[in-house]
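Residue numbers start at 1 and run along the sequence shown. This one's a predicted model, so the numbers in the text were calculated from it and none came from an experiment.
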Amino acid sequence: MNKPVVFLRIAAVLTFIHAILHTVGGVFGRIEPGAATIAVQAMKANQFLLLGHVRSFWDFYRGLGLAATISLTAEAIVFWQLASLAKTEAGRVRPILMTFAIAYAVFAVNTYTYFFVGPVIVEVLIVTSLVLAVSTAKPPSESF
């Protein structure tokens, strides 16, 4: 098995683990008593009409959390599929992988800024795996 494939499989598994932990610990995680419970109660209690639907900030919080889970899961699947493609076309997936690597680096900065260090570690490992996949993938050969 060639190196880009291995690094992409690692990125896929890490991204799927990230999706699971985000869902279990974040979206459906236990809300601690005290200030967190009071904040959630306020988010749920204050509903408003938006584009013909009654919503609360809790609805947005939960919905965006699930959207992140869906995106992370889809990205894990895409990384796995790109690994299969990299077996024969490693050079052609390089631009796609760099796009994801840059996005995950920005994602890590955002996570560090607004959340906490746990997910940042996983995101940095994903970036590292993607950059290693790019660096070990042969560029496409020139055809004349």
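Applying the side chain to side chain contact (heavy atoms under 4.5 Å, CB included) rule to Leu132 yields the partners Phe7, Thr128, Ser135; only residues at least two apart in sequence or on another chain are considered. Partners of Tyr61 by ring-ring contact (aromatic ring centres under 6.0 Å, His included), not counting sequence neighbours, listed by chain and number: Trp58. Legend: residues meeting ring-ring contact (aromatic ring centres under 6.0 Å, His included) with Phe115, ordered by chain and number and at least two apart, are absent. Evaluation of the side chain to side chain contact (heavy atoms under 4.5 Å, CB included) rule for Ile96 yields Leu82, Phe100 as partners, not counting sequence neighbours. Looking at residues two or more places apart in sequence or on another chain, you find a side chain to side chain contact (heavy atoms under 4.5 Å, CB included) between Thr23 and Phe28, Thr69. For the side chain to side chain contact (heavy atoms under 4.5 Å, CB included) test, residues two or more places apart in sequence or in another chain that qualify with Val109 are Thr113.
For residues 52-65, no residue pair satisfies the salt bridge (charged side-chain N to carboxylate O under 4.0 Å, His left out) rule, not counting sequence neighbours. For residues 97-107, every residue pair satisfying the side chain to side chain donor-acceptor pair (under 3.5 Å) rule, not counting sequence neighbours, is listed here: Glu75-Tyr104.
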Intermediate values then yes/no, side-chain contact (heavy atoms from CB on, under 4.5 Å), Tyr112 and Asn110: CA-CA 5 Å; Tyr112 180 77; Asn110 181 72; over 6 Å; no
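Leu21 shares a hydrophobic cluster with Val13, Ile17, Trp80; the chain of contacts runs through ILVMFWY side chains whose heavy atoms sit under 4.5 Å apart. Other cluster members for Val54: Leu49, joined by side-chain heavy-atom distances under 4.5 Å among Ile, Leu, Val, Met, Phe, Trp and Tyr.
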Output side-chain donor-acceptor pairs under 3.5 Å for residues 119-127, partner residues at least two apart or in another chain, one line each.
from, atom 1, to, atom 2, distance (Å)
Glu123, OE1, Thr111, OG1, 3.0
Glu123, OE2, His18, NE2, 2.8
Glu123, OE2, Thr111, OG1, 3.2

Let me have the donor-acceptor pairs involving side chains of residues 36-45, under 3.5 Å, with sequence neighbours excluded, atom names and distances please.
from, atom 1, to, atom 2, distance (Å)
Thr37, OG1, Glu32, O, 2.7

